Structures are given as structure tokens and as C-alpha cells.
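To start, the structure under review is shown below, and the notes come after it.
All values reported here derive from a predicted model rather than from experimental measurement.
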Amino acid sequence: ESLIDEDVPSVLAEAVKSADTKVMVPLACMNVIMPTAMSSIHEDAELKECASKTASSGKKILRLLKGNDDVVRNCEAISRVCQGTEAERAEEGAEDLIEYWEKFFVNYKYEEQQRKDIAQAVSEFC
């Protein structure tokens, strides 16, 4: 099981798995997105490494929910926003998620390289 492989404390893994996925999945995605974006812009090697480690920890949590429909839909929406394909026809119901993530990315002013790195980071979950 991914819990053993990922070294996630069992109490945390249980809390993540038992939480409402409509709440947990966007938070777990943000815990991958935000440090990934920071690692893209840090010039200091130590800060870049720290952000990368934080992003890696975020992925461990997201992997606990891997394959869940909410994870797939959120990560697909994130990927579309990152790639600039959000205006293309989306699956029914995906428009709200695309709009949510589009606003998130605009709010944090993520630029091209950050978006590329984020798309790569979430690609395993789409």
C-alpha cells in the first residue's frame, strides 16, 4: 500500500482518506502546487531544495487519494489551466473546477515556467 511506500504517518493517512474529498483534494493539490511554484522561482539552492521537498511531501498525501475521481478531475483542470487549454471544450462539470483553478493561478500570479512545473507535478494524477 502507498502508505508504507510513502512513509506517511498512519494517523495522517487515515485522516486524509476519511476526509470529505471535495475539501481534501483541493487542499492536497495546493500542497503540491504552491511549493512547486516556489521551487521554480527560487534562485537560492537551499530554498529551492526546501520547496522541492515540501512539494514532494504534498505529493505523498495526494498519492493516498490517487485514482479518486475528485483527484483526477482537479488535476486535469489544473493541467488544462497550466497548459492554457482551459477554453477548450471540457467534460461536463469540469468548467467549475477549471474556473476555480484559473482564479487560483491568477491570484498567485503563476508565470509560464511555474505553470509548466506544476503541470508536470500533477501529471501523474490525471
Side-chain angles (χ1 to χ4, degrees):
E1 172 169 277
S2 61
L3 173 60
I4 295 166
D5 296 339
E6 297 291 347
D7 296 325
V8 176
S10 60
V11 68
L12 178 57
E14 290 171 24
V16 167
K17 290 178 180 181
S18 66
D20 179 355
T21 58
K22 299 287 185 214
V23 175
M24 179 54 66
V25 170
L27 291 173
C29 289
M30 288 176 201
N31 284 331
V32 174
I33 291 170
M34 296 175 88
T36 298
M38 291 307 296
S39 69
S40 297
I41 62 170
H42 279 309
E43 293 181 12
D44 180 277
E46 190 175 333
L47 292 174
K48 188 176 195 86
E49 181 182 355
C50 185
S52 292
K53 286 180 179 180
T54 302
S56 179
S57 294
K59 281 184 174 183
K60 290 177 184 182
I61 299 301
L62 199 52
R63 283 186 190 117
L64 294 172
L65 302 169
K66 191 172 183 176
N68 175 286
D69 288 343
D70 288 323
V71 171
V72 173
R73 282 193 296 270
N74 274 272
C75 289
E76 285 175 351
I78 292 164
S79 183
R80 289 180 74 132
V81 171
C82 287
Q83 297 170 15
T85 59
E86 65 273 9
E88 294 177 11
R89 188 172 173 268
E91 281 186 40
E92 190 167 328
E95 296 88 1
D96 288 345
L97 281 176
I98 290 170
E99 183 179 341
Y100 174 84
W101 289 112
E102 200 169 25
K103 287 179 181 177
F104 182 85
F105 277 60
V106 167
N107 183 56
Y108 286 96
K109 299 175 178 73
Y110 292 147
E111 296 181 7
E112 185 178 350
Q113 187 58 51
Q114 291 170 302
R115 289 174 182 245
K116 286 179 183 178
D117 292 344
I118 291 165
Q120 184 178 2
V122 300
S123 65
E124 74 175 90
F125 304 103
C126 295

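- Atom CD of E102 and atom SG of C82 lie 11.0 Å apart (nearest 0.5 Å).
- Annotation for S40 and Q113: closest pair OG-O, 4.1 Å, computed over non-hydrogen atoms.
- When all heavy atoms are compared, the tightest approach of S39 to K48 is O-NZ, 2.7 Å.
- The distance from atom CD of E49 to atom OG of S52, rounded to the nearest 0.5 Å, is 7.5 Å.
- Exactly one of L65, V25, L97, V23 qualifies for a side chain to side chain contact (heavy atoms under 4.5 Å, CB included) with D70. That residue is V25.
- Nearest heavy atoms, K66 versus E124: CE-O, 3.2 Å.
- In this structure, the separation between CG on D69 and CZ on R73 is 5.0 Å, given to the nearest 0.5 Å.
- Not a single donor-acceptor pair under 3.5 Å links the side chain of T85 to the backbone N or O of V81.
- Looking only at distances, no side-chain donor or acceptor of E14 sits under 3.5 Å from a matching main-chain atom of V11.
- K60 and V8 get closest at one heavy-atom pair: CB-CG2, 4.0 Å.
- For the residue pair T36/D117, the side-chain donor-acceptor check at 3.5 Å is not satisfied.
- Rounding to the nearest 0.5 angstrom, the gap separating the CD atom in E76 from the OG atom in S123 is 12.0 Å.
- Taken to the nearest 0.5 Å, the OH atom of Y108 stands 3.5 Å off from the CE atom of M34.
- Considering C126, P26, S79 in turn, P26 is the only one that fulfils the side chain to side chain contact (heavy atoms under 4.5 Å, CB included) rule with N74.
- Under a hydrophobic-cluster definition in which Ile, Leu, Val, Met, Phe, Trp and Tyr are linked whenever side-chain heavy atoms come within less than 4.5 Å, directly or via other members, F104 and M38 are assigned to different clusters.
- Here the SG atom belonging to C29 is positioned 5.0 Å from the CH2 atom belonging to W101, to the nearest 0.5 angstrom.
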